[in-house]
Amino acid sequence: MFQILTMLLLETHLSMVSALFTVEVPQQQYVVEYGTNVTMECRFPVNGSLSLELLTVVWQQKRQGQSKSKEVYMLRNGKPFLQSQHHDYIGRTALLHSELKLGRAILQITSVKVTDGGSYLCLIEYQGVDYKYVTLEVKAFYRKINTQVIRKPAEDKFVFMCQSEGFPLAEVFWQNEEKLNLSGSANTTYTVTTDGLYNVTSLLTFKPSMSENYSCVFWNKELNGETSAHISTSDRKRKLNPNLENEKRDDFNSQTEALYLSTVTTSRDSESVAL
Ligand SMILES: *[C@@H]1O[C@H](CO)[C@@H](O)[C@H](O)[C@H]1NC(C)=O
Ligand SMILES: *[C@@H]1O[C@H](CO)[C@@H](O)[C@H](O)[C@H]1NC(C)=O
Ligand SMILES: *[C@@H]1O[C@H](CO)[C@@H](O)[C@H](O)[C@H]1NC(C)=O
Ligand SMILES: *[C@@H]1O[C@H](CO)[C@@H](O)[C@H](O)[C@H]1NC(C)=O
Ligand SMILES: *[C@@H]1O[C@H](CO)[C@@H](O)[C@H](O)[C@H]1NC(C)=O
């Protein structure tokens, strides 16, 4: 790809039209949510009707801290040229052809991943050559929090688990109904999924007490808000009634017992975050 860039720039130096040809971006930065579609735009001058066969458009992406850029989409002499497209983008990109005659090179990426974030180069050759950069930032809210309660009868302890995926990395806070911060006794770990999301698991171990309602809060400054799930030691009575006999037997047989699993789809505190 570097060769194409160098070649095109060299070509431009030799032609006098270059000074007239400028690529512009109506929007410099795009912030989108994981899994959505995004369109990013570059504009170039078209005088009269577009001669498609003279048009070359190249979109490339580079993530922060990575030295190599990936080819996202290429239109060469008016035709899609996807041989050198990076495999991360196969089947997920398009250039909106109907917009080209208006001098708009609009790249669409569907089902945006965390790894799509970064700096995008948009290079256009059309009786001249120029390029600009736009940036794409991807956010993933910790919307769905999976919770689990595990009882350790031998130690007379409960373990509450909250697990969720998002980006960037969230901190997890725990509190009881008196709003007492219990995060000190929690163990929060994370892994990174193949999609680049943080898979955050937080475990709170405690002895049963008067307080029976607990909540875990996933918080990240950049996400401008938090999500939370509530767990109660009393839920088990309700949820496990049909299996009460099994539960009693298990008390004697196992050290650790998963009392119930549940998934909480949370609402965020500040839904009005501007994307
Ligand atoms: C994203 O784009 C794909 C392909 O064009 C389309 O099928 C899908 O409905 C779009 N999703 C949204 C949320 O617009
Ligand atoms: C547009 O094209 C016409 C004729 O093809 C030419 O006379 C004119 O100078 C061009 N304008 C620009 C801005 O290139
Ligand atoms: C937290 O959990 C991890 C993995 O389960 C474990 O290796 C680590 O020792 C724990 N840390 C504390 C402070 O309990
Ligand atoms: C996230 O981690 C949990 C274990 O902590 C695992 O069960 C789950 O499959 C992981 N999810 C993904 C999407 O990797
Ligand atoms: C825990 O929450 C439930 C449901 O929200 C409520 O009915 C119950 O009174 C709470 N328990 C305490 C000890 O406040």
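Note: hydrogens, waters and symmetry copies are ignored here, and every other heavy atom, side chains too, is used. Each ligand, and each atom within it, is numbered from 1 in the order the structure gives.
- Between Phe141 and Tyr34, the distance separating the two ring centers is not shorter than 6.0 angstrom.
- Proximity to Gln163 (heavy-atom distance under 4.0 Å) selects the following atoms of ligand 4: 1 (C).
- Scanning all protein heavy atoms for the shortest distance to atom 10 (C) of ligand 4 gives Asn199 ND2, 2.4 Å.
- The closest protein non-hydrogen atom to atom 5 (O) of ligand 4 is Thr201 OG1, 3.0 Å.
- For ligand 4, the atoms closer than 4.0 angstrom to any heavy atom of Glu165 are 11 (N), 12 (C), 13 (C).
- Within the 4.0 Å cut-off (strictly below), no protein heavy atom is located near atom 7 (O) of ligand 1.
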Requested in this report: Give the intermediate values and the outcome of side chain to side chain contact (heavy atoms under 4.5 Å, CB included) for residues Thr56 and Ile124.
Outcome: CA-CA 6 Å; Thr56 290; Ile124 299 173; over 6 Å; no
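- With respect to the salt-bridge test (charged N to carboxylate O, under 4.0 angstrom), the residues Glu41 and Arg43 qualify.
- Using a 30° and 60° split on the angle between ring planes, Tyr198 and Tyr190 fall in the perpendicular class, above 60°.
- Which of Thr36, Asn37, Thr110 comes nearest to atom 12 (C) of ligand 1 through a heavy atom is settled by distance: it is Asn37.
- Taking CD from Glu171 and CG from Asn220, the interatomic distance works out to 8.0 Å, rounded to the nearest 0.5 Å.
- A salt bridge links Arg143 with Glu33: the closest approach of a Lys/Arg side-chain nitrogen to an acidic carboxylate oxygen falls below 4.0 angstrom.
- By the definition of a contact as any protein heavy atom under 4.0 Å away, atom 2 (O) of ligand 4 is in contact.
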